[in-house]
Participant: 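Here it is, the structure, as structure tokens.
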Amino acid sequence: MSFRTIEWRDDKVIMIDQTRLPGEEVYCEYADYKSVAEAIRGMVIRGAPAIGVAAAMGVALGAREIIADTYESFSRQMENVCDVMARTRPTAVNLFWAIERMKRVADENRDKPLDQLREILKTEAIRIEQEDLELCKAIGRHGAALIPEGATVLTHCNAGGLATAGYGTALGVIRAAHEAGKKIQVFADETRPWLQGARLTAWELMKDGIPVTLISDNMAGFFMKRGEIACCVVGADRIAANGDTANKIGTYSVAVLAKENNIPFYVAAPTTTLDLSLENGDQIPIEERHSREVTHLHGFPVAPEGIRVRNPAFDVTPARYISAIITEQGVVSGDYVTGLRGLVAP
Ligand code: MRU
């Protein structure tokens, strides 16, 4: 891949600014945890695994900002840093998973001098980033086998390198199939209102030379009914114990259309996206974002001023619409409760 989504460099966090793609490829530097939290909230970085990496790096930056003489004082201030990070976005569970992992590592090293502890937390955040890249590659290896030779694959939102430490989940499966020499092409839903498909998926696939065609969201059914889509692959923000999956708003409609048209619908996600504490998808918190994302396109109004708006950022696809969940540990299908329980997050 010819871009870096996020990295730790010279004790700063560097992120490609996804709010400015595809027009400009700009990298922003963050030196304090509050600005990392703001970057997550403002979608400079987005996508469940990438948000998790950013949160871990934000916590590591926060640990460097803490002034303390004792672990107790350090730990109290660390709680505050983690709370700020946890309040950024509610749906992607990777954010909370990463924060918990950072807290656990701090606690396990409570006897170390505080300067050493800060270094340990920095190393852990970098490890989370490196692991995520490996998880994505493993998802790709497991998922590529499900993609038929010559297939047209529909995807929704951006579950690519931009949404992870690199390579992607849904796009990881597509990349791996492409790298294996399968002559596949991608149909990318534009993904209103934020246009992750048009702005990000189209951009990163074109950059990597993977054939991609952009369609607006309401065209998916048209192409499915005409037999032009072989399968759908999407990412996930949170998967409940029964396999119900929260992902970008519009994913549910794609899944229902796929079932109606007898097209396999796959979810690709690392085990860090599992939330086995939730019995089903109704318990997943759904973020509602600002109305301006719906009423405006690039600053231009596309609706009358003062119109009432709803803007849920995610929906939940019931497990019965999902043909299989592709994880780094293998492909789960059928009895999701048993299948998912057998997987352990790193
Ligand atoms: O609001 P976003 O852009 O953070 O939503 C992203 C998605 O819904 C992705 O499909 C999901 O996080 C999977 S990313 C590998």
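When a residue number appears, it is its place in the shown sequence, counting from 1. In each ligand, atom 1 is the first atom listed, and ligand 1 is the first ligand listed. Note that this is a predicted model, so its numbers are computed, not measured.
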Participant: Do side-chain atoms of Gln196 reach the backbone of Glu190 as a donor and acceptor pair under 3.5 angstrom?
Facilitator: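 Looks like no, no N/O pair under 3.5 Å.
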Participant: Aromatic contact between Phe3 and Trp203, with the criterion being ring centroids under 6.0 Å apart: yes or no?
Facilitator: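 Ring-ring flag for Phe3/Trp203: true, centres closer than 6.0 Å.
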Participant: With the threshold set at 4.0 Å, does a side-chain nitrogen-carboxylate oxygen contact exist between Glu7 and Arg4?
Facilitator: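 Here Glu7 pairs with Arg4 in a salt bridge, since their nearest N and O are under 4.0 Å apart.
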Participant: Is Glu131 salt-bridged to Arg101, cutoff N-O under 4.0 Å?
Facilitator: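 A salt bridge links Glu131 with Arg101.
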Participant: Let me confirm one number: the CZ-CG distance from Arg238 to Leu95, rounded to the nearest 0.5 Å.
Facilitator: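 Separation between the atoms: 9.0 Å.
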Participant: Under 3.5 Å, is there a donor-acceptor pair between the side chain of Asp315 and the main chain of Ile249?
Facilitator: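 Flag not set: sc Asp315 to bb Ile249 has no pair under 3.5 Å.
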Participant: Would you please write out the protein residues whose heavy atoms approach any atom of ligand 1 to under 4.0 angstrom, listed by chain and number?
Facilitator: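 Contacting ligand 1 under 4.0 Å are Met43, Arg46, Gly47, Ala48, Pro49, Arg89, Cys157, Asn158, Ala159, Ala163, Thr164, Thr169, Gln196, Gly235, Ala236, Asp237, Asn247, Lys248, Phe314.
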